[in-house]
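Take a look at the structure set out below.
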Amino acid sequence: MSVYQVVTLPDPILRAKALPIQKINDGVIRVLDNMRDTMYAFDGVGLAAPQIGVSKRIVVIDTGENYIEIINPEIICKEGLMTGSEGCLSVPGIVGRVNRAKKVIVKGIDRQGQELNIEGVDLLAKALQHEIDHLDGILFIDIAVETRNDDRGY
Ligand code: ZN
């Protein structure tokens, strides 16, 4: 098990556009495993590779129902609108209210290189959008309609 330190602002890797994975090799599998271990160690709902210092297009998510990992995720459909509360391990001490699509469909590939299609509603839709934004250097504080300090520190 490898728990990494989570990168926090103002680290510039959080603002970079992450690169797609061209080939799934041992290094990619290792990154996936490290992301999973790190997300669970910090009780996160999701984690994007830049948050452990790897500027690649990989996200992991667990909203409490299923563990999901997606390589080269891409939102192919968005529907509806919701406003919800968000925090981020990379932006400690701040929470905000963010407008998101209520439902998304995301395509990508899994660690075996198989194509995936994931449909997320509500919490999973929020997590997918939040994590995929990280791959383009976008943080929830950039798009939040309101932010405030939170001592519980996500
Ligand atoms: Zn985040």
Side-chain angles (χ1 to χ4, degrees), residues 1-21 28 30-76 78 80-111 116 118-154:
M1 163 149 167
S2 296
V3 174
Y4 276 56
Q5 210 163 354
V6 176
V7 171
T8 55
L9 277 180
D11 194 307
I13 200 166
L14 293 170
R15 295 312 195 170
K17 199 168 161 69
L19 295 171
I21 298 294
V28 173
R30 217 162 26 239
V31 170
L32 280 165
D33 290 343
N34 294 341
M35 288 172 68
R36 180 194 58 211
D37 293 346
T38 303
M39 175 180 73
Y40 286 129
F42 290 97
D43 276 329
V45 167
L47 203 66
Q51 293 183 276
I52 61 161
V54 177
S55 195
K56 293 284 165 65
R57 302 189 81 80
I58 308 174
V59 302
V60 299
I61 291 171
D62 190 341
T63 58
E65 283 176 13
N66 267 319
Y67 172 65
I68 296 170
E69 49 189 30
I70 318 172
I71 297 165
N72 299 341
E74 212 180 307
I75 296 174
I76 55 170
K78 283 188 181 187
L81 185 71
M82 62 180 177
T83 305
S85 175
E86 292 187 25
C88 179
L89 292 171
S90 294
V91 191
I94 296 178
V95 292
R97 294 184 64 74
V98 183
N99 293 323
R100 300 281 190 190
K102 190 172 169 59
K103 177 181 155 185
V104 294
I105 299 174
V106 173
K107 73 164 191 179
I109 51 176
D110 67 15
R111 63 165 70 205
L116 301 167
I118 292 170
E119 184 180 308
V121 181
D122 295 327
L123 182 56
L124 180 54
K126 173 160 87 174
L128 286 163
Q129 291 168 90
H130 178 115
E131 299 312 332
I132 293 169
D133 273 354
H134 271 296
L135 307 181
D136 293 318
I138 298 165
L139 300 172
F140 81 96
I141 49 172
D142 304 335
I143 55 171
V145 290
E146 172 192 305
T147 57
R148 63 179 169 83
N149 293 327
D150 186 298
D151 301 336
R152 287 171 303 173
Y154 281 83

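Each ligand, and each atom within it, is numbered from 1 in the order the structure gives.
Counting all heavy atoms, side chain and backbone alike, Val31 lies closest to Ile58 at CG1-CD1, 3.9 Å.
Heavy atoms from other residues, nucleotides or ligands lying under 6.0 Å from CZ of Arg30 number 12 at most.
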Stepwise side-chain contact (heavy atoms from CB on, under 4.5 Å) check, Lys103 with Lys78 = CA-CA 6 Å; Lys103 177 181 155 185; Lys78 283 188 181 187; over 6 Å; no
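Using a distance-only test at 3.5 Å, with no hydrogens or angles considered, a donor-acceptor pair links the side chain of Asp62 to the main chain of Gly64.
Checked by atom type, the side-chain pair Thr83/Asn99 shows a donor-acceptor distance below 3.5 Å.
Among residue pairs with one or both ends in residues 87-97, none qualify as salt bridge (Lys or Arg N to Asp or Glu O under 4.0 Å); sequence neighbours excluded.
The count of protein N, O or S atoms under 2.8 Å from the Zn ion (ligand 1) stands at 3, with waters excluded from the count.
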